[in-house]
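All values derive from a computational prediction rather than experimental measurement.
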There are 2 protein chains.
Amino acid sequence: MNEASAIDFYFDFSSPYSYLLSEKIDTLAGHFGRKVRWHPILLGVVFQHLGGKAPAEIPPKRDYMRHDVLRSARFLGVPFQWPQRFPIPTQAAARSYYWLHGQDCTLARRFAHATFRAMFMEDRDISSPDAVLDIGASLDIDRAALTNAIAAPEMKDKLKLACADAITKGVFGAPWVIIDGEPFWGVDRLPQMEELLTKGKI
Amino acid sequence: MNEASAIDFYFDFSSPYSYLLSEKIDTLAGHFGRKVRWHPILLGVVFQHLGGKAPAEIPPKRDYMRHDVLRSARFLGVPFQWPQRFPIPTQAAARSYYWLHGQDCTLARRFAHATFRAMFMEDRDISSPDAVLDIGASLDIDRAALTNAIAAPEMKDKLKLACADAITKGVFGAPWVIIDGEPFWGVDRLPQMEELLTKGKI
């Protein structure tokens with residue numbers, strides 16, 4: 001297991017398909033002795049860069065997605081309920097993730113899972129810094145320190161850089177996974193990811 | 001086997017993911033004693049109606065798709081090569097299909113397969129009526145009669161109606177499949193289609 005073989009996972013905390021993959025990717029990677037590097041980004045920044053519409057802005061696409069996400073969650077065996085507010089901005093959650101990751105990557109991973117689940121299992125509005133601080137508190141993360149981190153210029157820059165890096169790598173949606181240079185868009189590419197990991201090619 | 005249980009398959013002859021599904025859908029349906037109703041449509045009309053950009057108009061999406069289609073073809077075991085011209089208008093092919101279907105639905109199905117394969121296996125430009133007439137000739141379809149059909153107001157209307165019907169049903173991309181009222185977008189939903197057909201629910 002080395003850094004070179006790590007899998008990259010780009011996501012937005014308010015992306016439901018990203019949440020579904022977040023519940024699967026580490027286990028899949030673990031079967032093949034791989035680590036996963038998680039990269040929260042802001043899909044809004046990506047969509048703005050591309051100049052297209054977000055799926056949620058196109059009514060029939062939005063309606064299909066609301067149905068397809070529930071069906072895909074059942075298909076994958078992942079608990080899911082649609083939050084009242086969707087989509088939402090996720091700066092606070094993403095900056096918190098990067099701040100935590102700088103100190104304790106295991107804690108950052110637990111925070112990421114807790115944040116995704118707060119949004120997609122418990123209908124909590126994670127766009128609110130208070131909600132993010134509550135999630136942090138449940139993991140014994142110091143509230144005052146996390147409050148500062150969310151507003152810190154370094155963390156703002158870190159997130160901006162992560163978005164720019166994702167755009168450079170060709171990311172135009174989420175979840176986005178890169179395994180040995182091979183890009184995969186969508187949780188529905190799980191079978192192809194598994195084939196690549198199993199056979200070493202696809 | 002009855003009409004009520006038939007599966008609806010909406011596609012554009014120049015959609016590569018539709019071609020991949022066209023090589024799978026009848027066999028899948030057959031395993032469950034189902035028939036498939038094929039509905040060629042024009043994705044350009046659908047995209048124009050929605051006001052969004054076609055995937056091929058967004059450079060990183062286009063680049064990913066060029067790669068993902070090849071990978072998905074290998075994954076599904078379907079022969080594929082990218083045609084020089086893509087995307088292309090497919091009015092001539094779609095109108096021919098509806099005209100043939102009015103006379104002989106088996107022949108129409110053979111024509112549809114031959115047309116998809118001409119584009120995605122043999123790099124033939126099926127936007128040209130001449131290419132469509134050649135495909136027809138290879139199936140012993142009268143060239144003069146098919147020439148008339150391609151230009152016939154009835155066939156133009158039939159295709160317009162098919163596009164309008166697809167939009168009414170919520171279709172915003174292709175391939176699009178409806179099984180017992182359940183909509184599926186994309187060849188990557190094959191495992192979910194199979195689960196629905198196997199279990200009667202999903």
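No other option in B:Pro191, B:Gly186, B:Gly173 has as many heavy-atom pairs under 4.5 Å with chain A as B:Pro191.
When atom types are taken as modelled, the side chain of B:Arg74 and the backbone of A:Ile202 share a donor-acceptor pair closer than 3.5 angstrom.
Rounding to the nearest 0.5 Å places CZ of B:Arg189 at 4.5 Å from CG of A:Asp188. Rounded to the nearest 0.5 Å, atoms NE2 (A:His67) and CH2 (B:Trp185) are 14.5 Å apart. Rounding to the nearest 0.5 Å places CZ of A:Arg62 at 11.5 Å from CZ of B:Phe172. With rounding to the nearest 0.5 angstrom, the CG atom of B:Asp68 is 6.0 Å from the CD atom of A:Gln192.
Looking at A:Pro59, there are no atoms closer than 4.5 Å to chain B (heavy atoms on both sides), in backbone or side chain.
Residues B:Pro183 and A:Arg71 have side chains in contact (heavy-atom distance under 4.5 Å, counting atoms from C-beta outward).
For residues 84-97 of chain B, heavy-atom neighbours of chain A at less than 4.5 Å comprise no residues at all.
A pairwise comparison of heavy atoms in A:Pro60 and B:Gly170 identifies CB-O, 3.9 Å as the closest pair.
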